[in-house]
Amino acid sequence: AHPMALLHPDRITDAAQRRRVQALWQDRGWPSGAAYFVERLSEGVSTIAAACWPRPVVARLSDFKSSEYAGLPGGADFEPHEDNPMLGLRGAARYVHPSYAEAFALECAALARVRGEMGLVNLAVMVPFCRRLEEARAVLAAMARHGLARGSGPARGVAGPGLQVVMMCEIPNNVMLMDEFAACFDGFSIGSNDLTQLTLGVDRDSALVAASFDEGDAGMLRMYRMAIEGAHKQGRPIGICGQAPSDRPEIARALVALGIDSLSLSPDRWLATLQTVAAAESAAG
C-alpha cells in the first residue's frame, strides 16, 4: 500500500481501495497503519541484515517514481501527475517534500528499529537520487530527527558502530561536486543506469532511443573515472550497483582498472563476473 494511505486512509476517495488498505493492518491485529508499515519493513530488512551478520548490509531508501507510487493501493489520492516521473518527485527530494515527509518518517523508524531494538548494527543506509547539496543536508537532518543520525550509535544501549550513511552517485552533479558530497556521506555507490541516462540525455524507459543508451560510452567511462578518483581523494569508498558490470564484462574490467571498491551483481552473473574481476586484477599486477 502507499505509505501515506496507511497513515491517512480517510483521504482515500475510492471506498474499495480504502477497505483494502485498512484491512492490511486491521485484519492482522496491528493498532494502526503506521505500526503495520514499520513492523513489516523492519522485519524484511532485519531478515537480510541477520543473515549477513556481521558483514555490512546497506539498505537503500525507497526510490519509487510518482507513477509507481500511484499504482499502489490507495496511491492515486496522494500522487501528482508528472509528465516525466523519472526526473520528478523521487529520491531525496521526495523525503523532505510536504506530501511525503510523514511517510519518510516511517521508513526511518523501521530502519532505526533494526539497528536499535533488534541490535543489527551492521545495517547502513543509502540515499538515492540526491540532486543537490541542499537536498543532502535536508535529508540528513530529517533522518537525524527520526533516529537515524549519521554516526550515531544504535538505540537502547546496544553497543556497535555508528550509523554509516552512503549516497548513490547517479547524477552528473554528484560527480562534479564529489568533494562537497563527500563531506556529507561516508561512501558512494555509482548508479550506472541513471548516470548514463542523465549523462547521455537518454530516457532509459524509451525503446525508441534504446540504441543510444550505452553504459560503456567514452563519456561514461570518464564519468566513472572522475567519480572513483574523486571519492578516493576524499578517503571515501565507492562501488557500483547498476547493471553495467553484470551485463558488460568490459565495463567490469574497466572499473577494476580504475580501482573501484566493490561491484554489485545480479545473481546469475556473479560467478562469471568474479572470474572477469580475478583476471583483470591479475593483469593489473
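Keep in mind it's a predicted model, so treat the numbers as computed, not measured. When a residue number appears, it is its place in the shown sequence, counting from 1.
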Could you give the side-chain donor-acceptor pairs of residues 40-53 under 3.5 Å, partners two or more places apart or in another chain?
residue	atom	partner	partner atom	Å
Ser42	OG	Val38	O	2.8
Ser42	OG	Glu39	O	3.0
Ser42	OG	Arg113	NH1	2.6
Ser46	OG	Ser42	O	2.9
Ser46	OG	Glu43	O	3.0
Thr47	OG1	Glu43	O	2.8

Under 3.5 Å donor-acceptor pairs involving side-chain atoms of residues 125-141, not counting sequence neighbours:
residue	atom	partner	partner atom	Å
Arg131	NH2	Leu87	O	2.9
Arg131	NH2	Gly88	O	2.7
Glu135	OE1	Arg131	N	2.9

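Atom CZ of residue Phe37 and atom CG of residue Leu7 lie 8.5 Å apart, to the nearest 0.5 angstrom. Atom OG of Ser192 and atom CE of Met223 lie 13.0 Å apart (nearest 0.5 Å). For the atom pair CG (Asp203) and CG (Leu208), the distance works out to 9.5 Å, reported to the nearest 0.5 Å. Rounding to the nearest 0.5 angstrom, the gap separating the CZ atom in Phe104 from the CE atom in Met4 is 14.0 Å.
The side chain to side chain donor-acceptor pair (under 3.5 Å) pairs that include a residue from residues 233-243 are Asp179-Lys233, Asp179-Gln234, Gln243-Asp247, where partners are two or more places apart or lie in different chains.
Checked options Glu82, Arg94, His81, Glu79; the residue passing with Ser66 is Glu82 (criterion: side chain to side chain donor-acceptor pair (under 3.5 Å)).
Shortest non-hydrogen contact noted between Ile260 and Gly239 is CD1-C, 3.6 Å.
A salt bridge is defined here as a Lys NZ or Arg NE, NH1 or NH2 lying under 4.0 Å from an Asp or Glu carboxylate O, and Arg248 with Asp214 meets this definition. Taking a cutoff of 4.0 Å between a charged side-chain nitrogen and a carboxylate oxygen, Arg90 and Asp194 qualify as a salt bridge.
Less than 6.0 angstrom separates the ring centroid of Tyr69 from the ring centroid of Tyr100. Aromatic rings of Tyr36 and Trp25 (six-membered ring for Trp) have centroids beyond the 6.0 Å cut-off, not under it.
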query: After noting the C-alpha distance and the side-chain angles of Asp77 and His2, does the key distance pass the side chain to side chain donor-acceptor pair (under 3.5 Å) rule?
result: CA-CA 10 Å; Asp77 292 294; His2 193 291; over 6 Å; no

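Distance alone, capped at 3.5 Å, is enough to place a donor-acceptor pair between the Arg18 side chain and the Ile12 backbone.
For the pair Arg204 and Phe213, the cation-pi test (distance below 6.0 Å, angle within 45°) is failed.
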